[in-house]
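Reviewing the structure listed below.
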Amino acid sequence: MYYFICCLAVSDMLVSVSNLVETLFMLLLEHEMMVVQPTTVMHLDNAMDMLICSSLMSSLSFLGVIAIDRYITIFYALRYHSIMTIQRAVTIIVVVWVVSSISSTIFIAYDGKAVILCLVIFFLSMITLIMGLYIHMFSLAHQHARRISSLQRKQLAPQFTSMRGAITLTILLGVFFICWGPFFLHLILILT
């Protein structure tokens, strides 16, 4: 899990740094502080777009991988270490980075509305996956708390546990929507 969280942090940092570098280049070119050939500008723009797209896809992928990892942790707790070995974790990390890099290269090579549509579909599928897994985990925790409460004959515990779980889930998904929502809303508006 910690490897996946580190990869998520790296991909989010790459998104931020690549956006910053691209904006810096654009400002330098606009104010004529840097003079570069148009073909070089196009290549730099494509390289920055590839880095942004790859980082974006890997970030969303690692959010999904973390959700799957937590799901395995909860539903297969006793077998977790045999299911999620370091070798499997490294394989998943390599696959996510390679697929993100290759698909971003293809996306930049075939610039157009189909690419934006693919990114929006990928975003929506990740949202669906993450929400589905977390809601299922939350419902399991709620059922578990109710069973414990019925054994102890206390009625306050499941409500309190459910409320804490619901708040945590709301914060997690809320931050996800706040961070990525505007970007993908912008992409959806480009499509229409």
As an exercise, state the distance from [atom1] of [X] to [atom2] of [Y], rounded to the nearest 0.5 Å.
X    : Y    : atom1 : atom2 : answer
T73  : H81  : OG1   : NE2   : 8.0 Å
Q143 : F138 : CD    : CZ    : 10.5 Å
M57  : S101 : CE    : OG    : 9.5 Å
I108 : S103 : CD1   : OG    : 10.0 Å
L27  : E22  : CG    : CD    : 11.0 Å
L60  : D12  : CG    : CG    : 8.5 Å

Heavy-atom side-chain proximity of [X] to [Y] below 4.5 angstrom:
X    : Y    : result
Y134 : M137 : yes
I93  : W97  : yes
I68  : L129 : yes
S104 : L56  : no
L133 : R70  : no
M42  : N46  : yes

Using the rule that two of Ile, Leu, Val, Met, Phe, Trp, Tyr join whenever any of their side-chain heavy atoms come within less than 4.5 Å, decide whether [X] and [Y] are in one cluster.
X    : Y   : answer
I130 : V15 : yes
I5   : I72 : yes
V65  : V94 : yes
V41  : M26 : no
L20  : M48 : no

| F62/Y3 under side chain to side chain contact (heavy atoms under 4.5 Å, CB included): CA gap, chis, key distance, verdict | CA-CA 10 Å; F62 282 120; Y3 295 135; over 6 Å; no
| query | What's the shortest heavy-atom distance between S61 and M126, and which atoms? | reply | CA-SD, 4.3 Å
| query | Passes side chain to side chain contact (heavy atoms under 4.5 Å, CB included), M84 versus D69? Steps please. | reply | CA-CA 8 Å; M84 192 57 68; D69 183 66; 3.6 Å; yes
| query | Taking the side chain from S59 and the backbone from S55, do they hold a donor-acceptor pair closer than 3.5 Å? | reply | no
| Side-chain donor/acceptor of S54 to backbone N/O of L51, under 3.5 Å | no
| For H136, ring pair (Phe, Tyr, Trp, His ring centres under 6.0 Å) partners two or more places apart | Y71, F75
| message | With side chain to side chain contact (heavy atoms under 4.5 Å, CB included) as the criterion, how do D49 and F107 come out once you've worked through the C-alpha distance, each side chain's angles and the decisive distance to 0.1 Å? | response | CA-CA 9 Å; D49 288 345; F107 286 166; over 6 Å; no
| said: The criterion is side chain to side chain contact (heavy atoms under 4.5 Å, CB included); which residues satisfy it with S82, sequence neighbours excluded? | reply: R79
